Peer 1: 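Before I ask anything, here is the structure I am working with.
Throughout, protein chains are lettered first and strands after them, A, B, ... in sequence-line order, and every chain is numbered starting at 1. Here the structure is a predicted model, which is why all the values come from computation and not from measurement.
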Amino acid sequence: MGTEEAGEAESFYPSEEEIEKWMDSAFDMAKDALENGEVPVGCLMVYGDEVVGKGRNEVNETKNATRHAEMVALDQLLDWCRSRNLDTRSVCERTALYVTVEPCIMCAAALRLIRLPVVVYGCRNERFGGCGSVLDVSSANLPQTGTTFKCVSGHRADEAVEMLKTFYKQENPNAPKPKTRKD
Amino acid sequence: MEPQTKRWKGSVCDTDSWVAYPVLSDEQSQDVELIEAFAAPIVNKKETSRLVRELNSVYPLNNLQHVKRVRAVKEKGSGHPLEVLVCLVSEAPDMKVVSIDSLLPSDGVRSDGLGEPFVVRVPARPPLTRPQFELASKHWPTSFHEDKQVTVALRGELFSPPQKARMHMYMMSALTAAKAGKELGMEAVGAVMVHPVMERIIAVGHDCRGDHPLHHAVMVCIDLVARSQGGGCYSFDRYPACTFTSDTFQKVPDAEASSQPYICTGYDLYVTREPCVMCAMALVHSRIGRVFYGTASVDGALGTKYKIHTQKDLNHRFEVYKGVLGKQCEDLNNVDDHVKTEHLKKSR
C-alpha cells in the first residue's frame with residue numbers, strides 16, 4: 001500500500017481501521033455489481049462515520065457517459081447536504097472517498113473541484129486513471145481546479161483487478177456497441 | 001430550431017474578424033530535435049552509388065528513415081558536389097583521431113572517393129508539420145509525408161467562408177447562452193452541441209455551478225444531449241437558455257438502430273472558453289467529434305495545461321480548434337467586470 005503526499009498538510013486522514021472497514025463495503029458493492037452484470041466498481045463517500053453517498057456506473061441507463069460511480073455518489077452527497085441544510089464545502093472538506101478502482105481523469109478533476117481531501121482506492125486504472133496512471137490530476141498544479149487530494153492506493157488491488165477482468169470476459173463479443181467502456 | 005444560416009447572409013457576420021487555428025499535439029508543435037552525425041564529402045561522384053550501398057549495410061541509420069543519405073553541396077567552389085552521412089556520432093567506434101578510415105570497418109566499406117569526416121546535426125524525428133519540415137530541412141535534407149489538412153489548418157485556412165459563417169453562428173449561440181447564465185449569477189460560459197452533418201443544434205447550455213459545483217457549461221450540454229436521446233439525469237428546465245432538440249431522431253425507424261445517435265459521437269462542440277480537465281475528459285468519454293473554443297483558460301485541458309484530445313494512452317482522440325470568435329469570448333469576462341463597476345458606481 002502506498003501513500004502519496006499531495007498539497008498542503010491536512011489533518012483529516014482515515015485510520016487503518018476505517019480504510020479496512022469502508023473498503024470492505026466498497027468491495028461488497030463491486031461484487032454485487034458483478035453478480036448483476038454491472039461494471040464491478042464500488043464507491044462510497046464517508047463523512048465522519050456516515051456514508052453520505054454511494055454509487056455505481058449509470059452510463060447506459062442515462063445515455064450520459066459522465067455518470068461514473070463517483071459522480072453518482074457525489075450527487076448523493078450534495079443531496080444529503082441539502083436535506084440537512086449543511087454547507088457542502090465544509091462537508092466535502094472532511095469527506096473521504098473509498099473506491100475499488102482508481103478514479104478516471106474526469107472524476108479526479110471533479111473530486112478536486114469539490115475539494116475532497118482523501119481518496120482510498122484499490123487497483124490502478126490503466127485506461128483512464130487520473131491519480132497517476134494516465135495523468136496525475138490529483139496532485140497537479142491547477143490553481144483554478146479546486147484543491148489537490150491525497151491518495152491511498154493498493155488496498156486489495158489484485159482482487160479489484162480480477163473482478164474487472166471477469167467482467168470484461170463476460171461481455172458479449174457480439175454486443176452492438178463494443179466501444180461502450182465503463183470504469 | 002430553424003436553420004439560421006440565411007439570416008446571417010449579408011447581415012452582421014464578420015467572419016473575417018477571427019481565425020480558427022488547430023490545437024496540435026506536443027509532437028506536432030515542438031521544435032525540431034537534432035542529433036549529431038558524421039558526414040563526409042564524396043570527392044569522386046562516380047563512387048556514390050557504391051558508397052551508399054556499402055554504408056547502408058554497415059550503418060543502416062534505422063531510426064532515421066526520414067533523413068536523406070546524400071545531400072548536394074550548394075556552395076560554389078566547394079571542391080566536391082555531394083556529401084554523405086556516414087553514421088551517428090553515438091554509433092561511431094572509439095577513435096583517437098577522427099578519420100574516415102577509423103570510422104569505416106576495413107572489410108565493409110572501401111573509403112575510395114570519400115573525404116575526411118565532419119560533424120553535422122540532422123533531425124532526430126520525422127517532421128509532422130510543414131513548419132517542422134522547413135526547419136528540419138535547413139539542417140539536412142529530410143523527407144516529409146505531408147498531412148495537407150494540418151498544413152492548411154496551420155495557415156488558418158481550413159474552413160471555407162460558408163463553414164466559417166456557420167461556426168460563427170454556433171459560437172454566437174454559445175455567447176448568448178453564456179450571457180444568460182451570467183445574468184443568473186453563473187460564470188459566463190456557454191456551450192453548444194451541433195450535429196455537423198445535419199447542420200443542426202442539438203443542445204445549448206451555460207454554466208450552472210451556482211446550483212451544483214460540477215455543472216460547468218460542457219457538463220450541462222452533455223446531459224442535455226443525453227436528454228435529447230431519451231436519457232439524461234438532470235433537469236435544466238428552469239433555465240430558459242439551456243435547451244435541447246428532441247425531435248431530431250424520432251423519424252429514424254428502429255430497423256436503422258445503427259444510425260441512432262450514441263452519446264456525442266460525431267458531434268461538434270462550441271464552447272466560449274477552453275474546457276477544464278473534468279469537462280475535457282467528459283468529452284473523451286462522450287466520444288465527441290470536434291471541439292471549437294473561443295479563448296484559452298488558465299487550467300485548460302485542450303491546449304493550455306494538457307492536450308487531453310491528443311493523449312496517447314486514451315481510447316478516443318479528436319480535433320480541437322481555438323480562436324472562433326476569440327475576441328468576443330474573451331470579452332465575456334471583461335464586459336462583466338465593466339458592468340459590475342458600473343453597478344458599483346451607481347450604488348455609491
Peer 1: Can you tell which part of B:Ile308 gets under 4.5 Å to a heavy atom of chain A, answering side chain, backbone, both or neither?
Peer 2: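 B:Ile308 touches chain A through side-chain heavy atoms alone.
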Peer 1: Mind checking the CZ-CH2 spacing from A:Arg84 to A:Trp80? Nearest 0.5 Å is all I need.
Peer 2: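 Nearest 0.5 Å value for the CZ-CH2 distance: 5.0 Å.
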Peer 1: Relative to chain B, which of A:Asn141, A:Ile114, A:Leu135 shows the most heavy atom pairs under 4.5 Å?
Peer 2: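 The candidate making the most pairs under 4.5 Å is A:Leu135.
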Peer 1: Where does A:Thr66 contact chain B at under 4.5 Å (heavy atoms): side chain, backbone, both or neither?
Peer 2: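 When you check distances to chain B, only side chain atoms of A:Thr66 fall under 4.5 Å.
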Peer 1: Do the side chains of B:Asp26 and B:Lys312 get close enough for a salt bridge, i.e. N-O under 4.0 angstrom?
Peer 2: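 The answer is no: the pair does not qualify as a salt bridge.
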Peer 1: Less than 4.5 Å to any heavy atom of chain B: does that hold for the side chain of A:Leu78, its backbone, both, or neither?
Peer 2: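 Side chain of A:Leu78 only, per the 4.5 Å heavy-atom cut-off to chain B.
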Peer 1: Does B:Tyr262 have B:Arg287 sitting over its ring (NZ/CZ under 6.0 Å from centre, angle to axis within 45°)?
Peer 2: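 The answer is no; the distance or angle limit is not met.
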Peer 1: Which one, A:Asn64, A:Thr88, A:Val137, A:Leu74, leads in non-hydrogen pairs under 4.5 Å with chain B?
Peer 2: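 Ranked by heavy-atom pairs under 4.5 Å with chain B, first place is A:Asn64.
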Peer 1: Where does A:Arg82 contact chain B at under 4.5 Å (heavy atoms): side chain, backbone, both or neither?
Peer 2: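 Just the side chain, heavy atoms under 4.5 Å.
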Peer 1: For B:Lys322, does the NZ atom have more than 12 heavy-atom neighbours from other residues, nucleotides or ligands under 6.0 Å away?
Peer 2: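 Not buried by this count: 12 neighbours or fewer within 6.0 Å.
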Peer 1: Which bit of B:His216 comes within less than 4.5 Å of chain A, counting heavy atoms only: side chain, backbone, both or neither?
Peer 2: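 Looking at B:His216, just its side chain touches chain A.
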Peer 1: Does A:Arg94 qualify as a cation-pi partner of A:Tyr13, given the criterion of NZ or CZ under 6.0 Å from the six-membered ring centre and within 45 degrees of its axis?
Peer 2: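 Because its charged atom misses either the 6.0 Å distance or the 45° angle limit, A:Arg94 does not stack over A:Tyr13.
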Peer 1: Where on A:Arg112 is there a heavy atom nearer than 4.5 Å to chain B: the side chain, the backbone, both, or neither?
Peer 2: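 It is neither, since no heavy atom gets under 4.5 Å.
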Peer 1: Could you go through the ring-ring contact (aromatic ring centres under 6.0 Å, His included) check for B:Tyr267 and B:His195 one step at a time?
Peer 2: CA-CA 5 Å; B:Tyr267 289 174; B:His195 190 306; 5.6 Å; yes
